[in-house]
Number of protein chains: 2
Amino acid sequence: MRCATHPGVVASGDEPTTLRVLLWRRALDPHIGRWSLPGGRLRPDEDVEHSIRRQLAEKVDVKTLAHVEQLGVFSAPARVPGPRVVATAFLGLIPSDVDPVVPEDTSWHDVGDLPRTAFDHQEIVLHARDRLRAKLSYTNVGFALAPAEFTVSALRQLYSAALGYRVAATNLQRVLTRRGALVPTGRTASPGRSGGRPAALYRFAHRDMRVTDPFAVFRPPAPAAGRGSRTRGGTA
Amino acid sequence: MRCATHPGVVASGDEPTTLRVLLWRRALDPHIGRWSLPGGRLRPDEDVEHSIRRQLAEKVDVKTLAHVEQLGVFSAPARVPGPRVVATAFLGLIPSDVDPVVPEDTSWHDVGDLPRTAFDHQEIVLHARDRLRAKLSYTNVGFALAPAEFTVSALRQLYSAALGYRVAATNLQRVLTRRGALVPTGRTASPGRSGGRPAALYRFAHRDMRVTDPFAVFRPPAPAAGRGSRTRGGTA
DNA sequence: CCAAAAGTGTTGGGTTTACACCCATGT
DNA sequence: ACATGGGTGTAAACCCAACACTTTTGG
């Protein structure tokens with residue numbers, strides 16, 4: 001029994017309006033020719049997160065992961081032909097302006113229109129997508145999809161791509177600002193050829209994931225202020 | 001290298017006002033005498049959830065798990081002395097009125113006042129507690145802590161125990177009712193010796209976990225009604 | 001009739017969406 | 001000037017906590 005693989009979902013909100021995932025065309029026997037998530041075996045001297053980061057760096061040259069998060073274990077005895085392989089799945093995000101040089105046999109695929117995948121990798125990708133969508137709502141994960149500096153319109157496109165529906169720039173601005181996730185840099189972008197008011201440039205206040213909307217509904221007495229002491233443990 | 005263990009956090013909201021976890025006093029060499037989570041090795045023909053259910057049934061006679069959920073993988077190379085062991089941690093819940101017969105060398109411990117634990121099991125328990133607290137807010141997991149039928153006061157005690165602070169019966173009632181999680185059975189409980197209005201008995205509408213408060217903040221256009229189409233994928 | 005426990009009405013604060021309106025720039 | 005984006009103001013909807021008040025029982 002192989003001990004563990006780590007399929008990593010490396011996703012990037014792409015300019016057009018889609019969320020994309022990096023897949024690898026299998027050259028080896030089980031499910032040859034199908035698309036699979038990058039990953040590999042866990043070494044005895046590393047933990048699973050270290051392992052997935054190493055796999056992505058070594059095999060597909062992805063070294064700029066802005067955020068990495070564990071999704072869960074996939075362990076159905078028949079998920080892979082032959083001896084059972086336990087996989088720990090991850091979600092990895094890279095900013096939209098990063099375009100790593102990936103090997104010949106890999107390419108980016110629209111998460112909403114996946115090709116035939118190997119093993120249970122489609123299930124894993126969809127799981128990752130749902131996790132990302134959820135966290136966009138109550139955390140600042142957006143920072144992992146956006147460039148260091150961006151306009152609200154650009155951010156709106158990224159959120160729309162990841163969520164799968166159109167979000168309004170107005171509200172995106174206000175919600176993220178009130179939560180203290182968005183900070184104006186003072187600079188502005190120059191308008192396009194067609195004119196229009198120059199857009200202010202923003203950045204995320206933090207570059208590590210935090211819960212920005214703790215939504216505990218049965219909340220403690222609440223001594224403090226603001227949307228206040230709504231307290232909730234992060235969900236993972 | 002052992003391939004995987006599955007520490008299962010079996011928790012129960014207890015009458016007094018505490019959240020408790022079932023721990024096992026180790027009789028074997030590494031960390032002998034310390035308290036550890038029940039669990040064991042994964043068999044080649046079962047998935048991790050099947051495994052943890054089997055372990056709990058076989059070793060501590062816990063067969064009445066109302067809810068089981070994966071927490072994540074713990075894989076630090078030194079988390080256990082000797083060859084590395086990868087563990088998949090679980091949260092399991094049993095209703096407050098169930099009191100399984102457990103072996104001599106196990107007992108229930110207040111999660112807020114844990115004894116010295118083996119390995120990283122304290123971290124796992126606290127992780128489980130946080131997950132439970134989070135899900136009490138936006139799902140109907142309460143069903144897994146409560147008996148089949150209960151009064152709002154009793155439910156209030158369970159929520160207070162699990163959350164670690166006092167929740168008001170009034171709002172608990174209203175929130176769960178609005179969300180469609182709570183249903184009156186029509187029956188009532190007789191008041192105690194000191195009098196008082198007889199309490200109505202309720203039950204949870206569903207006995208499987210569902211997201212009752214999808215809190216997507218950038219939500220889709222919203223064609224429908226109610227707190228409406230706030231849509232979010234479950235986080236797990 | 002009084003105390004005790006349960007349940008309902010009402011108010012107020014906070015958050016978010018929707019939409020109208022003003023601002024700045026290129027042609 | 002006008003079209004084109006960008007940004008702010010404001011109103012309506014919704015949800016939740018707190019608290020007062022009513023209902024139903026035992027002593």
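Here is the naming used below: chain letters follow the sequence lines, and residue numbers restart at 1 for every chain. The figures here come from the full heavy-atom set of this structure, side chains too, leaving out hydrogens, waters and symmetry mates.
- Per the geometry, CZ belonging to A:R187 stands 20 Å off C1' belonging to C:dA24, to the nearest Å.
- Here D:dA18 presents its P atom at 13 Å from CG of B:L172, a figure rounded to the nearest Å.
- In this structure, A:L201 places its CG atom 17 Å from P of C:dA24, rounding to the nearest Å.
- One finds a side-chain N or O of B:R178 lying less than 4.0 angstrom from the OP1 or OP2 phosphate oxygen of D:dC16.
- A centroid separation of 6.0 Å or more is found between the aromatic rings of A:F218 and B:Y138.
- With sequence neighbours excluded, the residues forming a ring-ring contact (aromatic ring centres under 6.0 Å, His included) with B:F119 are B:H31, B:H121, listed by chain and number.
- Close to D:dG6, at under 4.0 Å from its OP1 or OP2, lies a side-chain N or O of A:S153.
- Residue A:R179 places at least one side-chain N or O under 4.0 Å from the OP1 or OP2 atom of C:dT16.
- Using a 4.0 Å heavy-atom cutoff across all strands shown, A:A200 reaches sugar-phosphate atoms only and no base atom.
- For A:H109, the ring-ring contact (aromatic ring centres under 6.0 Å, His included) partners at least two apart in sequence or on another chain are A:W35.
- For B:T151 (side chain) and B:L201 (main-chain N/O), no donor-acceptor pair under 3.5 Å exists by modelled atom type.
- The shortest distance between the side-chain N/O atoms of A:R166 and the OP1/OP2 oxygens of C:dA18 is not below 4.0 Å.
- Not a single ring-ring contact (aromatic ring centres under 6.0 Å, His included) links B:Y202 to another residue, sequence neighbours left out.
- Contact annotation: B:T151 does not reach the phosphate of C:dA6 (side-chain N/O to OP1 or OP2, under 4.0 Å).
- Listed by first and then second residue, the side-chain hydrogen bond (donor to acceptor under 3.5 Å, both in side chains) pairs that reach into residues 187-198 of chain B are B:E149-B:R187, sequence neighbours excluded.
- Straight-line distance from the OH atom of A:Y138 to the P atom of C:dT16: 15 Å, rounded to whole Å.
- Rounded to an integer number of Å, the gap from CG of A:D213 to P of D:dC14 is 19 Å.
- Straight-line distance from the CD atom of A:Q157 to the C1' atom of D:dG6: 14 Å, rounded to whole Å.
- Applying the ring-ring contact (aromatic ring centres under 6.0 Å, His included) test to B:F143 and every residue at least two apart in sequence or in another chain returns nothing.
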**Asked** How does each nucleotide of nucleotides 19-27 of chain D score, in 5' to 3' order, for protein heavy atoms under 4.0 Å: base (B), sugar-phosphate only (S), or none (-)?
**Response** B---BBBSS

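- In this entry the distance linking OH of B:Y202 with P of C:dA6 reads 11 Å, nearest Å.
- Look at CD on B:Q173: it is 17 Å from P on D:dA18, rounded to the nearest Å.
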